[in-house]
Amino acid sequence: MNLLISKLLNPSLKTLTPYESARRLLSGGTDWLNANESPFCNEIQVELSQYNRYPDCQPKELVQAYASYAQVGSDNILVTRGADEGIELLIRTFCEYKKDSILICPPTYGMYKISAQTCGINTVEVPLREDFSLDVEGIKAVDDVNLVFLCSPNNPTGTLLNEADITEVLSHFADSAFVVLDEAYVEFSTQQNWATMLETYPNLVVLRTLSKAFALAGLRCGFTLANQEVIQSLLKTIAPYPISAPVAQLAQLALTENAITQMREQVNYLMLEQTRVRHALANAPGITLKGGNAANFILFHYTYRTQLMQYLIENGMLIRDQSKQLGLADCLRVSIGSRSQNDRFLSLLNHYLTKSGDV
Ligand SMILES: *Cc1c(COP(=O)(O)O)cnc(C)c1O
């Protein structure tokens, strides 16, 4: 390593592997079913004036629009550069360098641990049970954590956490930790919505995003929902102008009544497609479905996943290898795309399975 870097690099980062986002791992290809993005590319326009001025730190109209969508008050919301920034802000605001810990339940979203690591914060892991439910007793046995990250619907398993389990965790940590419930996929499942529970559980924090159901991953816009004092604390840490003016404008347009109706129609389409693809995968030789159907992706097991991935990549079809995740050996995750993309995925898969001789 370069001498100056090795002398000065933050010691917490020496062993850190950066988050392997779908975009970092693989570029090219024609069909991107590896990042749980929406296949819909909706047209939107921005007003191209007044860019000589700094934007508001928290664009008021956008905050109000999301507050009304999520049915919470305007002072319960922080707009961030994607939900990912919300994760980092929570860690930087509520954990002390080299002293505090967060708790996560793998297999789950990778950024909780990576954000903690870049901030010099320790991560305690309490794995999900075999059926991907919370190990509540295991979680309660851990004391001295400042943040508990739960993800429901969970990425990459597509499963919802049990409501009573979440409640039990919230109550257990009522006086000791914030429970951060990541609802990045909430629009794909009508069963739970924790944003409306902020008053009941003062230690609840909810993460949301426009990247998945709202089809705006390129925008980088997310929301942290919490009680007012929590939001005020996060405002101490956030950059002075985190949301660029065009992002605020576009995000606001995505939250008009018509745009929300369109989003719901697109979610319905994707969930019908999900059922269709799940059914086809369930009948494919050698393939075992894993996890649940509460989000816009499907997790499955295939013993020769490396060869299958290779074949798909050669044909421009990118899906996501999840085999490094705890308990997910030889598991792959495919995002639900447009009907024609899903068809192309299924036909490549069937072609591979019949020709390969793997099975
Ligand atoms: C995609 C995703 C995020 C990140 O969302 P951004 O708003 O794009 O940063 C957060 N949590 C989970 C579980 C995700 O799958």
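One-based numbering, in listed order, for ligands and for the atoms of each.
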task = For residues Y201 and S171, determine if any side-chain heavy atom of one lies less than 4.5 Å from a side-chain heavy atom of the other.
result = yes

query = Numbering the atoms of ligand 1 from 1, which are under 4.0 Å from a heavy atom of S211?
reply = 6 (P), 7 (O), 8 (O)

key: CG (N350) with more than 12 external heavy atoms under 6.0 Å   = yes

query = Where on E85 is there a heavy atom closer than 4.0 Å to ligand 1, on the side chain, on the backbone, on both, or on neither?
reply = neither

remark   = Counting heavy atoms under 4.0 Å, the part of M111 that contacts ligand 1 is neither

inquiry  = Is it the case that the ring center of F40 lies less than 6.0 angstrom away from the ring center of Y269?
reply    = yes

Winner among T108, T80, T209, D84 once heavy atoms are compared against atom 4 (C) of ligand 1 = D84

ask   = Would the number of heavy atoms belonging to other residues, nucleotides or ligands and lying under 6.0 Å from CZ of R320 be above 12?
value = yes

query = Tell me: protein heavy atom nearest atom 12 (C) of ligand 1, and distance?
reply = D182 OD2, 3.4 Å

task = Return yes when atom CG of D175 has more than 12 non-hydrogen atoms of other residues, nucleotides or ligands closer than 6.0 Å, and no otherwise.
result = no

request  = Would you mind running through ligand 1 and noting each atom that sits below 4.0 Å from a heavy atom of R220?
outcome  = 6 (P), 8 (O), 9 (O)

inquiry  = List ligand 1 atoms under 4.0 Å from C151, heavy atoms only on the residue side.
reply    = 13 (C)

key: Enclosure of E125 CD (heavy-atom neighbours >12, cutoff 6.0 Å)   = yes

request  = Just need the protein heavy atom nearest to atom 2 (C) of ligand 1, so name the residue and atom and give the distance.
outcome  = K212 NZ, 2.5 Å

query = Between F297 and R333, is there a cation-pi geometry (under 6.0 Å to ring centre, at most 45° from the normal)?
reply = yes

task = Look at atom 15 (O) of ligand 1 and find which of Y109, F297, Y185, F223 reaches it with the closest heavy atom.
result = Y185

